[in-house]
**Student:** 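Here it is: the structure, laid out below.
In what follows, chains carry the letters A, B, and so on, assigned in the order in which the sequence lines appear, proteins first and then strands, with residues in each chain numbered from 1.
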Amino acid sequence: MNFEKATIKEVTDFISEDLNNLDKVVNTSLEYAQTKDGDVHAFLGIYDDITEQIQLAKGIKTQTNSPFAGVPCAIKDNILYKGQVCSAASKMLEGYIAPYDAHVVKKLKDAGVVVVGRTNMDEFAMGSSTEYSAFGPTKNPLDLTRVPGGTSGGSAAAVAQGSVVFALGTDTAGSIRQPASFCGVVGMKGTYGSVSRSGAIALGSSLDQIGPIARSVSDTKMVFDIISGHDPMDSTCATNEYRNRHKRDNPVKTVGVPRKFLETEGVDDDVTNNFWKSIDVLKQKGYQVVDIEMPSVHLSLPVYYIILPAEVSTNLSRYDGIRYGRHIHGKNLKDTYEQSRGGFGVEARRRILVGTYVLSAGYYDAYYGKATRLRQMITKEMKDIFNKVDVIATPTTPTEAFKIGEKSDPLSMYFADLFTVPANITGVPAISVPSGFGNNKLPLGLQFMAPHFNEEYLFQIGADFENRL
Amino acid sequence: MITDENLNNLIELAKISANDQEKASLKTDVTQILSYVSQIEMVETSEEDLLPDLINVMRLDEKPHQSSRFTNDLLNQAPDVEDGYIKVPKII
């Protein structure tokens, strides 16, 4: 078995041959996470309970033959793993020890997955390149002069460099799909409400979803099936009854293409050419491709940059230096707050200030109120389109992986989310599948969006597209 | 364009410290971001867009977890603790 490229099934088959192979697999993963990671810096930390995890995985393998027992994975540094550091790649939470397991971590543990460590990210999941980590950037394992994407850049790089079979990330505007695309792996986020957010450090509570990054569509589906499902600890996590009401039975047949959206200024020709080639593949496979109009979809990005900062300024107000996290003892309470909160990096500060502005009296209606109404409008438009087509296809990103340090102003960085952010604004599920390479031999991705709670559509057409070769 | 007064007010409200150099670049960035998102002001919305398509999810306030189950773990994270309480600087 070539561990660097292995799928979950290949790893499990290897372990089924001999239970001692479970140790071998985990040790290989740990070795790679240390040796291969030197230049890449995908990992922020390796957990210190691996021996216990191996024992538990062996027990689960023997008792239940779980298809995940002994499979090594990594999780983004904003997902809680009890007793281990979880810092959201921020000085504000440096050394913070998670007091409980996130719901998704519990699910992974129950299945016998071995979580080897936590991966780098943009601070509090704000950014598109992992350059905003307070602990140094992650580099793209396919080209060390380029970014791996972000904010789940460490998770995507860890899977791409071969040190773990899959990883979990979080996606608020494309933070799973964009790095997956930049690193040549598969990444997906489910419908808002499909995976519990309990134990994920909140960024934009109405947008965040945890999801898998893996080497194949079928692995992605396996992980998604394990981590999704109702959880009473997250009131926005849908009940099974609610999910089932949205499920569609017919197989995917029609693919909508928002042609005008693809012509947005700044989208590379490389990306467009690769996209139309992918569409030809889908046509050859028998899918019916139709042009669709989404007149408001281009507003998703500006709407996002009102709603998200508003939620950020609210969510990050809890880091006050009093109860946990960075604490600087000041002259008085106010000084203590201000000095402690001085640990926020530049992008976090920008968004806290923008959020404070758009929520302040006098501006609330013009910004936050208006953005909320537009979000409704875009969502309605999306739902109407899904009455006509089964899935929507776009490129995952407007460009290939860019150079480290290339995007110096915030707006050019924000543009990286152009195609991914509509799925978060509207709550629909979306997947990025590798679609070949651009002129610089860097990977590109094809994105599919599906109707709410129809993740199966993404896996169907995603696997079909993946099997084109 | 936000003024220095606006910016100082926001920094005060958000309780984040910033030196003069940081303030200058934050002013440029925040202005740029606000001018970008202001494009939504021009877009017309209809009455039917006013109501978000959301439902309240409530649960009974019952079955709490075992008392003190997390107390030590949580207190261990606090910078200043006395007799099982988190110490806060004097306010008045």
**Student:** For A:Asp231 and A:Ser196, indicate whether the former's side chain and the latter's backbone hold a donor-acceptor pair under 3.5 Å.
**Tutor:** no
**Student:** Measure distances from B:Ile2 to the heavy atoms of chain A and classify the residue's part below 4.5 Å as side chain, backbone, both or neither.
**Tutor:** side chain
**Student:** For the pair B:Asp4 and B:Lys27, find out whether any cationic side-chain nitrogen is under 4.0 Å from an anionic carboxylate oxygen.
**Tutor:**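 Salt bridge present between B:Asp4 and B:Lys27.
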**Student:** Where does A:Ser235 contact chain B at under 4.5 Å (heavy atoms): side chain, backbone, both or neither?
**Tutor:**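 It is both, since atoms from each part get that close.
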**Student:** Tell me which of these, B:Ile16, B:Asp73, B:Ile11, has more heavy-atom pairs under 4.5 Å with chain A than the rest.
**Tutor:** B:Ile16
**Student:** Can you tell which of B:Thr28, B:Ile33, B:Leu13 has the highest number of heavy-atom pairs within less than 4.5 Å of chain A?
**Tutor:**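 Heavy-atom pair counts peak at B:Ile33.
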**Student:** Let's test your reading of the structure: which of B:Arg59, B:Lys90, B:Glu22 forms the most heavy-atom pairs below 4.5 Å with chain A?
**Tutor:**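 Of the options given, most contacts go to B:Glu22.
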**Student:** Measuring heavy-atom distances to chain B, does A:Tyr304 have an atom under 4.5 Å in its side chain, in its backbone, in both, or in neither?
**Tutor:**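 No part of A:Tyr304 comes within 4.5 Å of chain B.
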**Student:** Counting only heavy atoms closer than 4.5 Å, note whether B:Gln39 contacts chain A via side chain, backbone, both or neither.
**Tutor:** side chain
**Student:** What residue, out of B:Val88, B:Asp80, B:Leu34, has the most heavy-atom pairs lying under 4.5 Å from chain A?
**Tutor:**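 Looking at each of B:Val88, B:Asp80, B:Leu34 in turn, B:Leu34 comes out on top.
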**Student:** List the steps, then state whether side-chain contact (heavy atoms from CB on, under 4.5 Å) holds for A:Lys407 with A:Ser129.
**Tutor:** CA-CA 9 Å; A:Lys407 311 270 181 200; A:Ser129 66; over 6 Å; no
**Student:** One thing to verify: whether A:Asp101 and A:Lys106 come together as a salt bridge, which I'm taking to mean a side-chain N less than 4.0 angstrom from a carboxylate O.
**Tutor:** no
**Student:** Looking just at side-chain N and O atoms, do A:Tyr319 and A:Ser90 make a donor-acceptor pair shorter than 3.5 Å?
**Tutor:**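 There is no such pair (donor and acceptor under 3.5 Å, judged by atom type) between the side chains of A:Tyr319 and A:Ser90.
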**Student:** Does a donor on one side chain and an acceptor on the other come within less than 3.5 Å for A:Arg375 and A:Ser206?
**Tutor:**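 Result is yes, a qualifying pair exists.
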**Student:** Shorter than 4.5 Å, heavy atoms on both sides: which option in A:Ile322, A:Asp335, A:Val303 has the most such pairs with chain B?
**Tutor:**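 The candidate making the most pairs under 4.5 Å is A:Ile322.
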**Student:** Select, from B:Leu75, B:Leu74, B:Asn56, B:Val43, the one with the greatest count of heavy-atom pairs under 4.5 Å involving chain A.
**Tutor:** B:Val43
**Student:** Side chain, backbone, both or neither: which part of A:Phe344 has a non-hydrogen atom closer than 4.5 Å to chain B?
**Tutor:** side chain
**Student:** Could you tell me which of A:Gln339, A:Lys334, A:Arg326 has the largest number of non-hydrogen atom pairs under 4.5 Å with chain B?
**Tutor:**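 Option with the top pair count is A:Lys334.
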**Student:** With a 4.5 angstrom heavy-atom cut-off, could you sort out which part of A:Leu316 is near chain B: side chain, backbone, both or neither?
**Tutor:** neither
**Student:** If you define the side chain from C-beta out and look only at heavy atoms, does anything of A:Leu308 sit under 4.5 Å from A:Arg351?
**Tutor:** yes
**Student:** May I ask you to check whether B:Asn6 and A:Tyr357 show a side-chain donor-acceptor distance below 3.5 Å?
**Tutor:** no
**Student:** In terms of heavy-atom proximity below 4.5 Å to chain A, should B:Ile40 be classed as side chain, backbone, both, or neither?
**Tutor:** both
**Student:** Do A:Ser205 and A:Asn315 get their side chains close enough for a donor-acceptor pair, meaning under 3.5 Å?
**Tutor:** yes
**Student:** At a heavy-atom separation under 4.5 Å, does A:Ser317 approach chain B through its side chain, its backbone, both, or neither?
**Tutor:** neither
**Student:** Before you tell me yes or no, could you show the steps for A:Arg197 and A:Cys237 under side-chain contact (heavy atoms from CB on, under 4.5 Å), namely the whole-Å CA-CA distance, both residues' side-chain angles and the distance that decides it to 0.1 Å?
**Tutor:** CA-CA 8 Å; A:Arg197 291 180 296 115; A:Cys237 190; over 6 Å; no
